[in-house]
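Structure first, commentary second.
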Amino acid sequence: MEIKEYLKAQRQIVEQALQQYMLAAEGDFAAHLETMRYSLFVGGKRVRPIFCLAAAHCVSDAPEPAVDELLLPAACALECIHTYSLIHDDLPAMDNDDLRRGQPTCHKKFGEAEAILAGDGLLTYAFELISSEKFPGPAPAVRLRLIAVLAQAAGPLGMVGGQYLDITSEEKKIPFELLKTIHRSKTGALITAAVQMGAIGGGADAGQLQALTEYGKAVGLAFQITDDLLDATATTEQLGKTAGSDMWLGKATYPAFFGVEKTRSLALEAADQAVAALECFDQRAEPLRALARYIVSRMN
Ligand code: GRG
């Protein structure tokens, strides 16, 4: 299957699950729930849930629909946490952006306090999705491992810590090592967690989990290098978010360190490393291989 068709099909599965598992905007909290739903359903590539399911398919012997049934709430949890991070990242106190996923950002649409709470709601609901027996999921011990992996990746030594380093490094000349730490934690940690959660949920053995972790780290880096590149080279229309914002905010990026051409080759190198980490897998890893190549060739 072509990667474009594969992505379309997987996105549909994720979209349907998000509709199924996300709280409806009704009752006493309807207005608050609507702010969460707005940012979640306004668009998005759904890359993290897709990585999660693809990693599970790569190691599990069960038919794909059965694997999906069990892991979709966890995959949706990843998208909830990612969406929360975008809402908070766009706030005036952070990157102060008006546009996200081609539409007004959550605080532009609903107000700042409402947007902060939309993020908080999505972050917290993510853990309900994985832990509550209301939702399908693997055995309790496996759920616990998924929760630990996700919490660690999203928390102070992962995405939130990376955001802190990013925000406090603006307008500063930082060493390349620090830029790598920022990319690894701010963006890479959640993508690596998505792959690891799929692997764990799909029943990976220790060797498979190790290989998929290497893949996740490399693909996470490739993703953020490409994000840096697109910010510097694509248009606001193509991105659905303000282009060139890294430069305006005085952020350290790969293009700022290496220029556009070298950055492009570093992104490809990271994608190659991701593919190389999958050497021990058979054709069931083909979607993961194609995803690694896709994320460095994407246009948004
Ligand atoms: C806790 C107050 C508070 C704030 C935290 C954690 C955080 C704010 C921000 C996370 C950092 C962040 C937004 C990193 C950027 C990662 C990235 C490359 C986002 C774009 O992801 P895509 O391209 O977006 O997958 P779509 O819209 O397709 O889902």
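Scope of the values below: all heavy atoms of this structure, side chains included, with no hydrogens, waters or symmetry mates. Both counts, for ligands and for their atoms, begin at 1 and track the order of listing.
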From the options [options], select the one whose nearest heavy atom is closest to [atom].
atom: atom 3 (C) of ligand 1; options: H88, R48, K241; value: H88
atom: atom 15 (C) of ligand 1; options: T187, L190, L230; value: T187
atom: atom 14 (C) of ligand 1; options: E79, R100, H82, K186; value: K186

Take F258 and F176, measure what ring pair (Phe, Tyr, Trp, His ring centres under 6.0 Å) needs, and give me the verdict at the end. CA-CA 10 Å; F258 300 109; F176 179 57; 5.1 Å; yes
Relative to the heavy atoms of [X], which atoms of ligand 1 are at a distance of less than 4.0 Å?
X: Q224; value: 18 (C)
X: R101; value: 26 (P), 27 (O), 29 (O)
X: M94; value: 2 (C), 3 (C), 4 (C)
X: D89; value: 13 (C)
X: D227; value: 18 (C)
X: G44; value: 26 (P), 27 (O), 28 (O), 29 (O)

Hey, mind stepping through H107 and E114 against side chain to side chain contact (heavy atoms under 4.5 Å, CB included) and telling me if it holds? CA-CA 7 Å; H107 68 275; E114 288 83 352; over 6 Å; no
D90: partners by side chain to side chain donor-acceptor pair (under 3.5 Å), with sequence neighbours left out: R100
Which residue and heavy atom of the protein sit nearest atom 23 (O) of ligand 1, plus the separation: K45 NZ, 2.5 Å
What's the shortest distance from atom 10 (C) of ligand 1 to any protein heavy atom, and which residue and atom give it? S85 CB, 3.5 Å
Would V47 count as a contact residue for ligand 1, given that I'm defining contact as a non-hydrogen atom of the residue lying under 4.0 Å from a ligand atom? no
Quick one: does R46 get within less than 4.0 Å of ligand 1, heavy atoms only? no
Quick one: do I81 and F41 end up in the same hydrophobic cluster if we chain Ile, Leu, Val, Met, Phe, Trp and Tyr together by side-chain heavy atoms under 4.5 Å apart? yes
State yes or no: do I191 and L209 share one hydrophobic cluster built from I, L, V, M, F, W and Y residues joined by side-chain heavy-atom distances below 4.5 Å, directly or via other members? yes
Do side-chain atoms of S265 reach the backbone of K262 as a donor and acceptor pair under 3.5 angstrom? yes
Do the charged groups of K8 and E5 touch, with an N to O distance under 4.0 Å? no
Once you restrict to heavy atoms under 4.0 Å, what part of Y84 touches ligand 1? Side chain, backbone, both or neither. side chain
Structural part of Q163 in contact with ligand 1, heavy atom criterion under 4.0 angstrom: side chain
Distance to the ring centre below 6.0 angstrom and angle to the axis at most 45 degrees; does that hold for R48 and F223? yes
Heavy-atom closest pair (V296 atom, A267 atom, distance to 0.1 Å) is CG1-O, 3.5 Å
Please indicate whether R298 has more than 12 foreign heavy atoms, meaning atoms of other residues, nucleotides or ligands, lying under 6.0 Å from its CZ. yes
